[in-house]
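Read the structure below first, then the notes.
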Amino acid sequence: MKYWPSRATWAKAAIAEQLVRKHPRIEILINNLGIFEPKPFEEIPDADWMRFFDTNVLSGVRLARLCLPAMKSADWGRIVFISSESAVQIPAEMIHYGVTKTAQLAVSRGLAESLAGTGITVNCILPGPTRSRGVGDFVDALAKSAGKSFEEFEKEFFEKVRPTSLIKRFAKPEEVAALVAYIASPLASATTGAALRVDGGTVKSAF
């Protein structure tokens with residue numbers, strides 16, 4: 001089943017309700033909606049904070065709440081929040097984004113606790129810098145404005161902005177998807193309430 005509304009559309013409660021009415025027995029929910037925007041802290045107005053929280057956090061909260069009755073009835077389900085390494089290493093250039101990623105960790109763990117003893121697992125995936133479509137377009141635009149190639153910009157980014165990365169490059173979406181596919185499968189039945197990193201070693205911790 002594929003359903004691809006725009007980011008702005010997904011952030012609306014009515015659309016989430018419409019989706020679950022159309023597909024009432026969703027067994028695997030991947031909350032991957034997210035927006036980002038580098039901006040100095042003192043220039044982030046309340047409206048941006050609310051927009052980021054509504055889009056990055058509440059969209060997943062709403063869908064999880066709507067999908068849970070069917071999962072509980074089946075005593076099986078997978079809920080996955082796509083968070084970010086920014087949840088534990090808040091980026092100074094977009095603090096509002098980092099805060100929403102941390103909030104996803106809290107929602108995921110709390111929801112997993114509430115489902116203890118069931119066949120439903122809830123986990124968070126923490127990707128590092130990833131060349132998704134949105135990030136790729138954003139980086140391409142920045143590189144062009146600086147008169148650099150993508151490769152030159154990437155090298156400089158990992159030297160100056162994310163120097164702790166061990167792979168020294170943007171991850172491919174498929175590399176993140178591989179972990180998501182495992183967590184969503186029956187093989188991961190003993191993994192729940194976890195924050196799982198696929199961050200290229202960006203988070204400087206062995207744990």
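Just so you know, these numbers come straight off a predicted model, no measurement behind them.
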| field | ILVMFWY cluster, V57 and L19 together (side-chain gap under 4.5 Å) | value | yes
| said: If hydrophobic clusters are built by linking Ile, Leu, Val, Met, Phe, Trp and Tyr wherever their side-chain heavy atoms come under 4.5 Å apart, do I82 and V198 end up in the same one? | reply: yes
| note | So OH of Y182 and CG of L196: to nearest 0.5 Å the spacing works out to 9.0 Å
| task | Taking N123 for its side chain and A194 for its backbone only, find out whether a donor-acceptor pair lies under 3.5 Å. | result | yes
| field | K148 with E156: basic N within carboxylate O range, under 4.0 Å | value | yes
| remark: Output for pair (S83 OG, N31 CG), nearest 0.5 Å, gives 11.5 Å
| message | Using a 3.5 Å distance criterion without hydrogens, assess whether the side chain of D75 forms a donor-acceptor pair with backbone atoms of G119. | response | yes
| remark: Heavy-atom nearest pair, T55 first then L33, reads O-CD2, 3.6 Å
| Separation of L29 CG from N32 CG (nearest 0.5 Å) | 10.5 Å
| said: Run the side-chain contact (heavy atoms from CB on, under 4.5 Å) test on S84 and F36 for me, step by step, so that the C-alpha distance in whole Å, both residues' side-chain angles and the decisive distance to 0.1 Å come before the verdict. | reply: CA-CA 11 Å; S84 168; F36 69 96; over 6 Å; no
| When clusters are formed by joining ILVMFWY residues with side-chain heavy atoms under 4.5 Å apart, either directly or through shared neighbours, do V61 and L66 land in the same one? | yes
| Got Y97 and E37 here, is their nearest side-chain heavy-atom distance under 4.5 Å? | no
| Distance, nearest 0.5 Å, that separates OG1 of T121 from CD1 of I183 | 7.0 Å
| request: Go through the steps to decide whether F81 and V122 satisfy the test side-chain contact (heavy atoms from CB on, under 4.5 Å), and finish with yes or no. | output: CA-CA 8 Å; F81 291 86; V122 188; 4.0 Å; yes
| query | Which atoms form the tightest heavy-atom contact between L105 and A87, and what is the distance? | reply | CD1-CB, 3.7 Å
| request: Please confirm whether the backbone N or O of E152 pairs with a side-chain atom of S149, one donor and one acceptor, at under 3.5 Å? | output: yes
| query | Say you draw a straight line from SG of C124 to CZ of R197; how long is it, rounded to the nearest 0.5 Å? | reply | 14.0 Å
| field | Side chain proximity check, K72 to L115, heavy atoms < 4.5 angstrom | value | yes
For residues 134-143, dump all side-chain donor-acceptor pairs below 3.5 Å to protein atoms at least two apart in sequence or in another chain.
none

| Yes or no on side-chain contact (heavy atoms from CB on, under 4.5 Å) for T202 and T164, after CA distance, side-chain angles and deciding distance? | CA-CA 5 Å; T202 301; T164 56; 3.6 Å; yes
| said: Can you tell whether the side chains of E159 and K155 come within less than 4.0 Å, N to carboxylate O? | reply: yes
| is_close_aromatic(F170, F157), centroid dist under 6.0 Å | yes
| Can you check whether T102 reaches V88 side chain to side chain, under 4.5 Å on heavy atoms? | no
| L68 side chain reached by I79 side chain, heavy atoms, under 4.5 Å | yes
| Do you reckon I30 sits in the same ILVMFWY cluster as V176, going by side-chain contacts under 4.5 Å, direct or chained? | yes
| Carboxylate-amine/guanidinium proximity below 4.0 Å for D54 and R51 | no
| K144 atom NZ, over 12 foreign heavy atoms within 6.0 Å | no
| Is it true that R162 and E85 have a side-chain N and a carboxylate O under 4.0 angstrom from each other? | yes
| field | Least distance between heavy atoms, S86 atom then P91 atom | value | CB-CD, 3.6 Å
| task | Please confirm whether the backbone N or O of S132 pairs with a side-chain atom of T130, one donor and one acceptor, at under 3.5 Å? | result | no
| remark: Looking only at heavy atoms, the pair that brings K39 and P45 closest together is NZ-CD, 4.4 Å
| Can you find a pair of side-chain heavy atoms, one from V203 and one from L126, that are under 4.5 Å apart? | no
| query | Which atom pair, heavy atoms only, marks the closest approach of L63 to A16? | reply | CD2-CB, 3.8 Å
| query | Would you say the side chain of V20 lies within less than 4.5 Å of the side chain of C67, judging by non-hydrogen atoms? | reply | yes
| message | Counting neighbours of CG on D46 that are heavy atoms of other residues, nucleotides or ligands and sit closer than 6.0 Å, is the number greater than 12? | response | no
| Under a 4.5 Å side-chain heavy-atom rule over Ile, Leu, Val, Met, Phe, Trp and Tyr, are V161 and F150 clustered together? | yes
| said: How close do I35 and F52 get, counting heavy atoms only, and between which atoms? | reply: O-CE2, 3.4 Å
| query | Ignoring hydrogens and geometry, is there a side-chain-to-backbone donor-acceptor pair from E175 to K172 under 3.5 Å? | reply | yes
| Stepwise, does the side-chain contact (heavy atoms from CB on, under 4.5 Å) test hold for R25 with S73? | CA-CA 10 Å; R25 301 201 65 82; S73 177; 4.1 Å; yes
| query | What's the spacing between K204 NZ and D199 CG if we round to 0.5 Å? | reply | 13.0 Å
